[in-house]
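Hydrogens, waters and symmetry mates are skipped; everything else that's a heavy atom, side chains included, is used.
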Amino acid sequence: MTRPGGTAREVLGAPHPLLSAVAEPVDPTAPEVVAAAADLLATLRRSPATTGLAAPQIGLSLRLIAFDARRHPRSRSWAGELVVANPRLAAAAHWDEGREGCASIIGLTADVRRATRITVHGHLPGTGEAVTIEADAIEARCIQHQLDHLDGLLFLDRVPGVLSLHRRLHTCDA
């Protein structure tokens, strides 16, 4: 649970140093973490074409991710509009290449190999309740992309070569 409202923040662009740093674990019940989760959601809601954001993208070195894949045309699973504290990948299967973009890297997408089915464990901000998310397709790709942000990685770090890069042509790129 996050506090209502929140304040939409500016999304940092690469090569901001916070985007290449490992984010710090959080106490999901701490008031400042609950406030950060609300800000992360408010920022995500401001950009309807964006399926996920990580706290470092809004200037916070915290292990928090937010995602909502329901509006994406290739969405199959939907865990809801969710913020997860200290998320960790527990299982990954069925690897495939797919197109990704990033709110911190305007104008580029790339073909990135990721698992199409994942299980993630974490905690809900506010209550600290443990949560397990099982995701597939674009939701799985989105969550893995956000987990990379928490470890200081951008999707470009996973690109095998220049032929995998593409100019972003429309807003529904993942």
Q: Show your working on side chain to side chain contact (heavy atoms under 4.5 Å, CB included) between Asp136 and Thr116 and close with a plain yes or no.
A: CA-CA 5 Å; Asp136 68 5; Thr116 62; 5.7 Å; no
Q: Would you sort out whether Leu40 and Thr43 count as a side chain to side chain contact (heavy atoms under 4.5 Å, CB included), showing the intermediate values?
A: CA-CA 5 Å; Leu40 195 55; Thr43 307; 5.5 Å; no
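Pairs engaging residues 47-57 under the salt bridge (Lys or Arg N to Asp or Glu O under 4.0 Å) rule: none recorded [sequence neighbours left out]. The list of side chain to side chain donor-acceptor pair (under 3.5 Å) pairs with a residue in residues 10-25, not counting sequence neighbours, is empty.
In this structure Asp151 satisfies the salt bridge (Lys or Arg N to Asp or Glu O under 4.0 Å) test together with Arg63, sequence neighbours excluded. Taking Ser104 as the reference, Gln57 meet the side chain to side chain donor-acceptor pair (under 3.5 Å) condition, with sequence neighbours excluded. Scored by the salt bridge (Lys or Arg N to Asp or Glu O under 4.0 Å) test, Arg114 finds Glu100, Asp148 as partners (sequence neighbours excluded).
The side-chain heavy atoms of Leu124 and Pro28, taken from C-beta on, include no pair separated by under 4.5 Å.
Although no hydrogens or angles enter the test, the distance criterion places a donor-acceptor pair under 3.5 Å between the side chain of Arg46 and the main chain of Arg9.
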Below 3.5 Å, can you tabulate the donor-acceptor pairs from side chains in residues 83-96 to any protein atom, sequence neighbours excluded?
residue, atom, partner, partner atom, Å
Asn86, OD1, Val26, N, 2.9
Asn86, ND2, Val26, O, 2.7
His94, NE2, Arg117, NH1, 3.0

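The hydrophobic clustering, which links ILVMFWY residues whose side-chain heavy atoms are closer than 4.5 Å, places Leu153 and Ile143 apart.
Heavy atoms only, all atoms of each residue included: Ala36 and Leu62 are closest at CB-CD1, 3.7 Å.
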